[in-house]
Amino acid sequence: MRRITLPRMGYSYIGFRAVFDALGHEFVEPPPITKRTIDLGVKYAPEFACFPFKITLGSLIEALSTGKVDTIITAGGIGPCRYGFYGVMYEKILKEELGFDFDFILLDPPIKPYGNMKKVWDIVLKWKGELSWREFILRLTKGFKLAWRKLKKVEDLEALILKKRAWVKDISKVEDLFNEAIRKINLSMDLDEVDAIYKEAKDSIEAIPDDRGDVLKVGIVGEIYTILEPFSNLNTERLLNERGVEIERSVWTTEFIEYNVFPGLPFPLKQMVGWKGKDDIVKYSKPFLNEFVGGHGRESVAHTVMFKERGFDGVVHILPFSCMPEVVARGILERVGRELDFPILSLSFDEFTGEAGLITRIEAFIDLLRMRRRMAA
Amino acid sequence: MKFGIPRGLYYEPLLTEWKVFLEDLGHSVEISPPTNKLILDEGVKEGVNEACISLKLSIGHAMYLKDRVDCIFAPRLMNMDKYKRITLCPKFRGLPDLFRVFIPNVLSLNAYLGSFERRLSFYSKVGRELRVGFLRVLRAYRRARLASKKVKELQRDGFLPDEARAWVLGGSEPSFTLKRKDEALPIIAVVGYPYIIYDDYVSHSLLKKLVNMGFNVVTPEMMDDKEIEEALRYLWKPLFWSQSNKVVGAAFKLLRKPEIDGMIHVSSFSCGTDAWVGSLIELEAKKFEKPLMRIVVDEHTAEAGLVTRLEAFTDLVRWRKGRAVI
Ligand code: SF4
Ligand code: SF4
């Protein structure tokens, strides 16, 4: 049995726990991100590393310091953005510089020159451990199924509160219901139970009466980590909600997995999971951005255009400072905004971002959106 | 038609290759001039917030060409390595579309240039776009390759890219070269992206300064491609960006050479790839106990501050070398 942890990103840990539990490993939940996490990451990460790298490094240091972890798993990658090299850097810093001792499992796709089938196979063997093949595959499928259902339901609830919080004055009731449901889903071991918890939470959140009007509609696009981890964006979404802005996110963990893992699956599996392709992204990002630029750069552009078509009031673009794909997207979004006459607010985050400045920018943006609504009416 | 090729992110020997190719097909080509204050200011004003200086410069150079030419020639550089999956920094992949934010007339095709077949397919696509037959494309391609190979060789010998191009295109032999003249002088390796270290305006003529201060200089462009590639096996896996692999490979190789006395890594503020490149080089330099200085440039870098740091560093290098001899 291994004691495994992973860097924290939003609620993705719920899915990982389901998989590793099913395989009979112990999953050590990474502690929530705090100021201390960020300080640790900033201290040991390269100065110009991505903000998400700094936070996740801090998160791993905190997890390792508890002494409860003997294995870290991360996904590798093949670029073109920096993410694919996170694993190598984690290992260098945690082992060589900080002297932690642990087993590091890096999942690189078998694509030359970055990885090969043998490396993938070795990892499969490590996961299998003592189990028989039959048992291993059964448990793995069961684990994935449960993980997927949990992630989907958690995301549906998140999507719900990102809307609901804009309509009620007292958001604490909404959040309490939500947090309770998340806690229960995380602990549940059964598909039907997950569904039931979801249904109950959904109904009771929806039942809370709306007591606000004139709510704006804003889409969120940008870099996945900074969007999904509220602490890294100083809870921008909640700040918007509290000011009467309903939000729809365009980036989700499950969607990330669909887009990044599914296309690489071998023949029968790909069809089994129902991979649909990325045609809409390609279609909507034209003519503004005509190539994949890594990360969610192209999605940011495409989703902005889609939000415009669906009649949203504006878009908030969230990115970590100096993020490569999103900096490209940011340049392109200028043209999108100009040509489609669509307000876009780019917010970039790093360890120096202050809340006061952020609120000023958000409020100015909201004023602009309200004014545009009045002018249109 | 008159084409313009902006500098900034496009560098030698690609500039020569494209210029010769397009001219051979009967078009005229203007390469934007070396960076100057006006271009930099324009790029900073229009360029993307928080982008690296090179991307901002690219925009500045393209804006300079905008009204002087009919069309900006801006291939989307996708690959320069034998492995097709090794690509370039996302800024390169988005570059043509970033030009289009300001400039309507941009000719751009995806450029995979890592092997003969890929190059040929790229150039024939360009030929098709310009409505010329395959045989003419082939002839133009051969001339272009010949010229660009010559430029590359001259760069290997230590000539600066602009002067090498001028020479190959019919000018006279340049007087300045980085080639080692005096064996006794200490050697400083300068590693960094070609569009930064050879841009005299952005790097404040770092290379020339070092030579004038009495050093021999080596750059990644002066090394053998094989050597660089070999040195990459010291990494767990290569980076995803051609230009970064070249810098890391060169740095790793040079740090292992006893005759190298010190290394300077020049990078751009807010450069994405250099977050990794910089720290990989740093860790390696520590292992081999070589003096290393990192210079981060942006539009605000002041020459005076740079000179002070340079002097301190070169003193250290000289002192260590003197001590080693005694
Ligand atoms: S998307 Fe941006 S922040 Fe995320 S790894 Fe890539 S460069 Fe870094
Ligand atoms: S490698 Fe760095 S300097 Fe070059 S384009 Fe990319 S971010 Fe800019």
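Here is how names work: the chains are called A, B, and so on, in the same order as the sequence lines, proteins then strands, and each is numbered from 1.
Taking the six-membered ring for Trp and the full ring otherwise, the centers of Phe85(A) and Trp241(B) sit at least 6.0 Å from each other. Taking the six-membered ring wherever Trp is involved, the centroid distance between the rings of Tyr114(A) and Phe240(B) falls below 6.0 Å.
Rounding to the nearest 0.5 angstrom, the gap separating the CD atom in Glu334(A) from the CD atom in Glu46(B) is 8.0 Å. The line from SG of Cys271(B) to CE of Met324(A) is 7.5 Å long, rounded to the nearest 0.5 Å. In this structure, the separation between CD on Glu50(B) and CG on Asp350(A) is 8.0 Å, given to the nearest 0.5 Å.
Residues Leu98(B) and Arg335(A) form no side-chain contact, since every pair of their non-hydrogen atoms from C-beta on lies 4.5 Å or further apart. No side-chain heavy atom of Asp97(B) sits under 4.5 Å from any side-chain heavy atom of Lys286(A). Two residues are said to be in side-chain contact when any heavy atoms from C-beta on lie closer than 4.5 Å; Phe269(B) and Phe48(A) meet this criterion. Proximity of Glu97(A) to Leu283(B): side-chain heavy atoms (C-beta onward) are separated by under 4.5 Å at one or more points. Residues Pro80(A) and Leu88(B) form no side-chain contact, since every pair of their non-hydrogen atoms from C-beta on lies 4.5 Å or further apart.
When each of Gly84(A), Cys50(A), Cys81(A) is checked for heavy-atom pairs under 4.5 Å with chain B, Gly84(A) comes out on top. Heavy-atom pairs under 4.5 Å with chain B were tallied for Asn290(A), Val328(A), Ile332(A); the largest tally goes to Asn290(A). Highest contact tally toward chain A, considering only Gly94(B), Cys52(B), Pro238(B), Gly278(B), is held by Pro238(B) [criterion: heavy-atom pairs under 4.5 Å]. Between chain A and the residues Val101(B), Thr87(B), Asp81(B), Ile59(B), the most heavy-atom pairs under 4.5 angstrom are made by Val101(B). When Leu106(A), Leu319(A), Val336(A), Val293(A) are compared by the number of non-hydrogen pairs under 4.5 Å with chain B, Val293(A) comes out ahead. Across Gly272(B), Ser279(B), Ser270(B), the residue that shares the most heavy-atom pairs under 4.5 angstrom with chain A is Gly272(B).
Between the Arg85(B) side chain and the Ile78(A) main chain, no donor and acceptor come within less than 3.5 Å of each other. A side-chain donor-acceptor contact under 3.5 Å links Arg93(B) to the backbone of Phe292(A).
Proximity to chain B (any heavy atom under 4.5 Å) is shown, for Arg298(A), by neither the backbone nor the side chain. Interface residue Glu291(A): backbone and side-chain heavy atoms are both found under 4.5 Å from chain B. Neither the backbone nor the side chain of Ile93(A) comes within contact range of chain B; no heavy atoms are under 4.5 Å apart. With a 4.5 angstrom heavy-atom cutoff, Ser267(B) does not touch chain A via any of its atoms. With a threshold of 4.5 angstrom between heavy atoms, Asn49(B) approaches chain A through its backbone and through its side chain. Using a 4.5 Å cut-off between heavy atoms, Leu239(B) contacts chain A through both its backbone and its side chain. For Val88(A), the part sitting under 4.5 Å from any heavy atom of chain B is the side chain, from C-beta outward, and nothing else. Proximity to chain B (any heavy atom under 4.5 Å) is shown, for Leu289(A), by both the backbone and the side chain. Heavy-atom distances place the side chain of Arg76(B), and not its backbone, under 4.5 Å from chain A.
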Requested in this report: Please assess Leu280(B) against Lys92(A) for the test side-chain contact (heavy atoms from CB on, under 4.5 Å), listing each intermediate value before the final yes or no.
Outcome: CA-CA 9 Å; Leu280(B) 289 173; Lys92(A) 266 197 185 300; 3.5 Å; yes

Query raised in the report: Does the pair Asp108(A) and Lys237(B) meet the rule for a side-chain contact (heavy atoms from CB on, under 4.5 Å), with working shown?
Result: CA-CA 10 Å; Asp108(A) 261 321; Lys237(B) 65 178 185 184; 2.9 Å; yes

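Around atom NZ of Lys95(A), more than 12 heavy atoms belonging to other residues, nucleotides or ligands sit under 6.0 Å away.
Trp236(B) carries Lys119(A) over the face of its six-membered ring, with the cationic atom under 6.0 Å from the centre and within 45° of the normal.
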